[in-house]
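Order of appearance sets the numbers: ligands from 1, and atoms from 1 within every ligand.
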Amino acid sequence: MSISTPTIVWFREDLRLSDNPALSAAVAAGGPLVCVYIRETDLDDARPIGAAAQWWLDKSLRALAQGLESRGGRLVLRTGQSAEVLADLIHQTGARSVVWNRRYSAAEQTSDARVKAALKTDGIAVESFNARLLLEPWHLKTGAGSYYRVFTPFWRALRASYVPAPPLSAPERLQTCEAPSEGLDGWGLHPTTPDWSGGFSGAWTPGEDGAHARLEAFLSGPINGYAETRNRPDIGASTSRLSPHLRFGEIGPAQIWRAVKAGVETGRFDERSAEVFLSEIAWREFSYVLLHFNPQLAQTNYNPNFDRMPWRSDPAALSAWQRGMTGYPVVDAGMRELWHTGWMHNRVRMIVASFLTKHLLLPWQAGEAWFWDTLLDADPAANAASWQWTAGSGADAAPYFRVFNPITQGSKFDETGAYVRRWCPELARVPDKFLHSPFDAPPDVLQAAGVTLGKTYPKPVVEHAAARQRALDAYKMTKEEQGAA
Ligand code: FAD
């Protein structure tokens with residue numbers, strides 16, 4: 001790279017200034033920077049990000065722009081085909097090099113390879129880096145030379161071999177190069193008619209500062225009980241809630257890893273909880289391995305035996321699930337938490353996903369798509385891999401015949417009932433004994449609690465035992481067909 005010519009830093013899913021290898025490389029090159037975020041119109045086959053994630057992107061870009069400006073820099077916003085936008089910026093600024101951090105869905109990788117080839121043909125230097133994962137998805141291999149299909153050996157291999165690179169601090173001052181920019185307001189990422197995002201702003205602070213505040217809050221207490229409390233949605237801060245920050249790269253997994261390890265080394269954190277927490281970060285890595293080697297992970301069954309699964313089509317049942325009106329309180333609480341806050345506790349994600357694919361016998365793709373639109377952390381790897389895991393079709397998946405009972409799951413993990421009472425306030429006065437199965441409560445108990453099933457709270461859309469049997473029969477049929485084939 002030449003010392004004096006500008007370098008273009010193409011921000012994508014790495015909306016941070018610290019521990020950002022592409023940004024650090026551009027600063028080290030010595031010339032002025034052109035920092036750009038492109039609203040790409042040429043990502044063939046890529047799904048546009050969902051409505052909730054658009055809300056986050058809007059705020060995250062504002063935070064990034066502010067961070068750059070406070071250091072003398074500027075974020076340029078452009079819409080168009082990435083190769084054309086970059087060529088235009090090169091023409092306008094005289095830049096001779098472009099840097100970015102890598103991304104991993106098939107459409108993005110194809111596009112990046114195309115852009116890289118075009119730039120190189122024009123004599124522009126291009127360099128890419130890893131800012132999103134601890135290790136690249138192709139890094140760890142089994143003894144047989146393939147990618148890991150089972151989590152535990154993957155985690156063991158990662159744990160044994162991963163050593164984080166030294167941290168990169170955010171640049172203190174930036175030299176910048178002027179280039180025309182679009183305005184973020186014109187991108188329409190924040191919902192307007194209607195603005196349904198009221199519950200989001202109270203719950204989240206998008207941006208790098210918000211990400212670090214969230215990490216600190218988690219490390220200053222909750223991490224120590226994580227191994228025990230992470231399955232408890234009724235306990236407010238039982239998990240880190242870092243997922244949307246990780247999704248947009250406001251913080252990187254290496255930064256989290258270093259902070260956790262430092263706390264363990266100084267005796268600040270309980271080692272077992274810290275290990276369990278890091279293993280969850282590793283589930284994210286494992287999802288990216290699966291996505292990299294199975295680019296259709298969000299569309300097709302990882303296990304092709306599930307192609308024979310007799311999924312149903314039932315728009316009314318799907319709608320009841322989406323709206324949190326199934327008549328099963330823990331399922332409804334989860335779906336309403338998702339709608340209001342753009343996030344749902346992991347244990348409840350598993351319960352609602354099991355309910356959709358087993359009790360309702362609806363295809364996991366329908367749930368994946370709803371989550372894609374409504375989750376702030378909707379992630380191309382973690383969402384697809386987790387849905388397939390719950391449905392039984394995924395890698396190292398929960399067996400399909402393990403059908404979660406929403407009543408016992410509710411009683412066990414929402415032990416205090418605080419979670420259901422918060423998100424289904426119409427059930428607030430139902431006694432604990434019947435809170436997770438109000439349909440089993442005697443009429444006088446319901447009356448005293450002010451509940452009329454079918455009016456103030458829905459009757460169950462399916463009966464648990466019958467739905468469970470239907471799911472098991474459907475699964476068995478698939479197995480029988482398999483045997484006959
Ligand atoms: P913590 O418990 O604090 O974990 C820390 C981090 O580890 C998370 O932020 C996340 O990056 C990672 N992580 C934790 N659990 C998992 C997991 N099972 N798989 C992959 N990464 C994990 N996570 C997403 O980030 N995006 C999604 O779109 C997504 N969709 C899901 C869909 C279903 C059906 C299920 C069952 C899980 C899904 N998850 C998804 C995984 C998990 O539920 C969330 O990562 C977690 O609830 C986020 O909350 P947290 O940050 O407090 O997690």
- Shortest protein contact, atom 17 (C) of ligand 1 (heavy atom only): Trp283 CB, 3.8 Å
- Item | Carboxylate-amine/guanidinium contact Glu40 Arg12, below 4.0 Å | no
- Task: Could you check atom 3 (O) of ligand 1 against the protein and tell me its nearest heavy-atom contact, residue, atom and distance included?
- Result: Ser240 OG, 2.6 Å
- Query: Would Arg272 and Asp270 pass as an ion pair if we require N to O under 4.0 Å?
  - Reply: no
- Query: Just wondering, more than 12 heavy atoms not from Lys412 lying within 6.0 Å of its NZ?
  - Reply: no
- Task: Can you pull out the closest protein heavy atom to atom 5 (C) of ligand 1? Residue, atom name and distance to 0.1 Å, please.
- Result: Phe277 CE1, 3.5 Å
- Item | Residue portion contacting ligand 1 (non-hydrogen atoms closer than 4.0 Å) for Leu375 | side chain
- Look at the rings of Phe151 and Phe154 and say which category their plane angle falls in: under 30° parallel, 30 to 60° tilted, over 60° perpendicular. tilted
- Message: Are any of the N/O atoms on Phe218, whether in the backbone or the side chain, positioned under 3.5 angstrom from an N/O atom of ligand 1?
- Response: no
- Which atoms of ligand 1 have any heavy atom of Thr239 under 4.0 Å away? 1 (P), 2 (O), 3 (O), 50 (P), 52 (O)
- Sub-4.0 Å atoms of ligand 1 with respect to non-hydrogen atoms of Arg284: 11 (O), 20 (C), 21 (N)
- What are the atoms of ligand 1, with element, lying closer than 4.0 Å to any heavy atom of Ala378? 28 (O)
- Message: Using a strict threshold of under 4.0 Å (side-chain N to carboxylate O), is an ion pair present between Asp112 and Lys116?
- Response: no
- Message: Test of understanding: given a 4.0 Å heavy-atom threshold, classify the contact between Trp372 and ligand 1 as side chain, backbone, both, or neither.
- Response: neither
- Message: Taking 4.0 angstrom as the limit and counting only heavy atoms of Leu242, give me the atoms of ligand 1 inside it, by number and element.
- Response: 9 (O), 51 (O)
- Note on the structure: A student comparing Glu285, Glu280, Arg241 should find that the heavy atom closest to atom 50 (P) of ligand 1 comes from Arg241
- Query: Out of Asn383, Asp377, Ile281, Ile256, whose heavy atom sits nearest atom 26 (N) of ligand 1?
  - Reply: Asp377
- Message: Can you confirm whether Arg258 is buried at CZ, in the sense that more than 12 heavy atoms of other residues, nucleotides or ligands lie under 6.0 Å from that atom?
- Response: yes
- Donor on one side chain, acceptor on other, Asp473 and Gln469, under 3.5 Å: yes
- atom 40 (C) of ligand 1: nearest protein contact (heavy atom, Å): Arg349 NH1, 3.3 Å
- Message: Tell me the nearest of Val348, Asn346, Leu356 to atom 43 (O) of ligand 1, using heavy-atom distances.
- Response: Asn346
- Task: Give the atoms of ligand 1, by number and element, whose distance to some non-hydrogen atom of Trp343 is under 4.0 Å.
- Result: 48 (C), 49 (O), 52 (O)
- Item | Part of Tyr226 within contact of ligand 1 (heavy atoms, under 4.0 Å) | side chain
- Report the C-alpha distance between Tyr328 and Phe439 in whole Å, list the side-chain angles of each, state the deciding distance to 0.1 Å, and finish with yes or no for ring pair (Phe, Tyr, Trp, His ring centres under 6.0 Å). CA-CA 9 Å; Tyr328 284 90; Phe439 37 82; 5.3 Å; yes
- Query: For residues Asn301 and Asp307, is any side-chain donor paired with an opposing acceptor at under 3.5 Å?
  - Reply: yes
- Describe, in one word, how the ring planes of Tyr226 and Phe277 are oriented to each other, choosing from parallel (under 30°), tilted (30 to 60°) and perpendicular (over 60°). perpendicular
- Just by distance, with hydrogens left out, do Thr41 and Gln81 show a side-chain donor and acceptor under 3.5 Å apart? no
- Looking only at N/O atoms, are Ser243 and ligand 1 under 3.5 Å apart anywhere? yes
- Cation-pi geometry met for Arg247 and Trp56 (6.0 Å, 45°): no
- Sub-4.0 Å heavy-atom approach of Met350 to ligand 1: yes
- Message: Please list the nearest protein heavy atom to atom 35 (C) of ligand 1 with its residue and the distance rounded to 0.1 Å.
- Response: Ser386 CB, 3.3 Å
- Test: Glu250 and Arg214 ion pair at under 4.0 Å: no
- Quick check: does Asp379 get an N/O under 3.5 Å from an N/O on ligand 1? yes
- Are Asp377 and Arg284 close enough for a salt bridge, meaning some N to O gap below 4.0 Å? no
- Message: Heavy atoms only, cut-off 4.0 Å: how does Phe371 contact ligand 1, side chain, backbone, both, or neither?
- Response: side chain
- Item | ligand 1 versus Leu246: contacting region, heavy-atom distance under 4.0 Å | side chain
- For ligand 1, does Phe286 get within less than 4.0 Å through its side chain, its backbone, both, or neither, judged by non-hydrogen atoms? neither
- Message: List ligand 1 atoms under 4.0 Å from Trp387, heavy atoms only on the residue side.
- Response: 32 (C), 34 (C)
